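Here's the structure we're looking at; comments come further down.
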Amino acid sequence: MDHKRISKFLSLVLRHDPARIGIHLDEQGWTDSAKLIEACNGNGVPIDFPLLEEIVRSSDKQRFALNDDKSRIRANQGHSVTVDLDLEKIRPPRHLFHGTVEKYLESIREKGLKKGERHHVHLSADIDTALKVGERRGRPILLVINAQEMHEQGHEFHRSANGVWLVDHASASFIRFNVRTSVLYRPVGPEELALIEASGWSAFPPRLPDQPIFYPVTNEAYAIQIARDWNVKASGSGYVTKFHVDADFLSRYPVQVVGGREHAEHWIPAEELEEFNHHILGPITITRSYPE
Ligand code: HQG
């Protein structure tokens, strides 16, 4: 049986239906690892401890956790049985994201995001993850949630051990529908990277007096060339950053092709960079580091 099928089976019994194989979850959702393995084997799912550990380790979304001595295991989130995961209550970033599909939109506009079968509405910290969640059901539609505003108005946010953001409900007044984003890349050296980090991965630092234009580029290949060939020479290391920006806002700045066809970039005047930063959605991430 392949790992994915075993992982789905583990999700089923650790989140929804432990009774199906006769195991018991405690109040925090933990169960005995050895008993789980025995019960899986008794129910046609062949597994031993090394394989269980491997599935926990390699789960693309870190769905499961083992305790320190590995004697117990639980699902990190997604339960429909009653559990108290003792999640951290924390302040969310400015925006969080939810991926859904067209057929649910009318109802979401009317009733907001509802938790349905689960204990919470699931939100993602970044757009690519939200789009993947939506894709499970068809062509993904992105919803942008004004999370900080919700938080300021008293809504509680939790984050699960595997980085999923959880809320009880998000009413439509906090949701932006029909947001289109463009993916941009920007090669940076170590100093600019440190300033991006200091902003909480949310903004590019102001330009220096002799830098009148901010140049994000439209494709990763071009960003790689600059980071690898130019930033490394100029300052010892180079990084490719990736981010999403509100596409309507970006349309103010037409694509400029300089040199070869892939050398496509946008030119943002330095004095408009702050406003540009304000239209970045989700975190700025690093996709490559040089030298490799
Ligand atoms: C939609 C997977 C109509 C909502 C994923 C979603 C995620 C509404 C569906 C995790 C609605 C619920 C959670 C409303 C919400 N009217 N439809 N008022 N409010 N919906 O599966 O967020 O693989 O319970 O948009 O990757 O899709 O299980 O939630 O389409 O992280 O680890 O109702 O499940 O992770 O669907 O996915 P779900 P979800 P795992």
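Atoms within a ligand are numbered from 1 in the order they appear, just like the ligands themselves. Keep in mind it's a predicted model, so treat the numbers as computed, not measured.
Looking at atom 16 (N) of ligand 1, its nearest protein heavy atom turns out to be Ser107 OG, 2.5 Å. What sits closest to atom 1 (C) of ligand 1 on the protein, heavy atoms only, is Tyr104 CD1, 3.6 Å.
Aromatic ring pairs are classed by plane angle as parallel below 30°, tilted from 30° to 60° and perpendicular above 60°; the pair His158 and His120 is tilted. Taking the six-membered ring for Trp and thresholds of 30 and 60 degrees, Tyr215 and Trp267 have ring planes more than 60 degrees apart, a perpendicular arrangement.
Here's the thing with Gly112: one of its N/O atoms is less than 3.5 angstrom from an N/O atom of ligand 1. Considering backbone and side-chain atoms alike, Arg63 places an N or O below 3.5 Å from some N or O of ligand 1.
Of all atoms in ligand 1, listed by their number and element, those nearer than 4.0 Å to a heavy atom of Thr100 are 4 (C), 25 (O), 30 (O). Those atoms of ligand 1 with a heavy atom of Leu113 less than 4.0 angstrom away are 15 (C), 19 (N). Near His122, meaning under 4.0 Å from one of its heavy atoms, ligand 1 places the atoms 10 (C), 13 (C), 22 (O), 31 (O).
Here the shortest heavy-atom distance to atom 24 (O) of ligand 1, taken over Glu106, Lys103, Arg118, belongs to Arg118. Closest heavy-atom approach to atom 28 (O) of ligand 1 among the candidates Lys132, Lys61, Gln77, Arg15: Arg15. The residue among Asp60, Ile108, Val164, Asn76 with a heavy atom at the shortest distance from atom 11 (C) of ligand 1 is Ile108. Ranked by closest heavy atom to atom 37 (O) of ligand 1, the top entry among Lys114, Arg137, Arg136, His98 is Arg136.
Ion pairing between Glu272 and Arg252 fails under the 4.0 Å rule for side-chain N and carboxylate O. A salt bridge links Arg63 and Asp60; the closest N-O separation between the charged side-chain nitrogens and carboxylate oxygens is under 4.0 Å. In summary, Asp32 and Lys35 do not engage in a salt bridge, as defined by a charged side-chain N under 4.0 Å from a carboxylate O. A salt bridge links Arg176 with Asp246: the distance from a Lys NZ or Arg NE/NH1/NH2 to an Asp or Glu carboxylate oxygen falls below 4.0 Å.
Screening Leu105, Leu96, Val179 for a side-chain contact (heavy atoms from CB on, under 4.5 Å) involving Leu143 leaves a single residue, Leu105.
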Begin from the C-alpha positions of Arg57 and Glu54 and carry the test salt bridge (charged side-chain N to carboxylate O under 4.0 Å, His left out) through to its verdict. CA-CA 5 Å; Arg57 196 190 54 73; Glu54 170 62 16; 3.0 Å; yes
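Using a 4.0 Å heavy-atom cutoff, Lys115 is absent from the residues neighbouring ligand 1.
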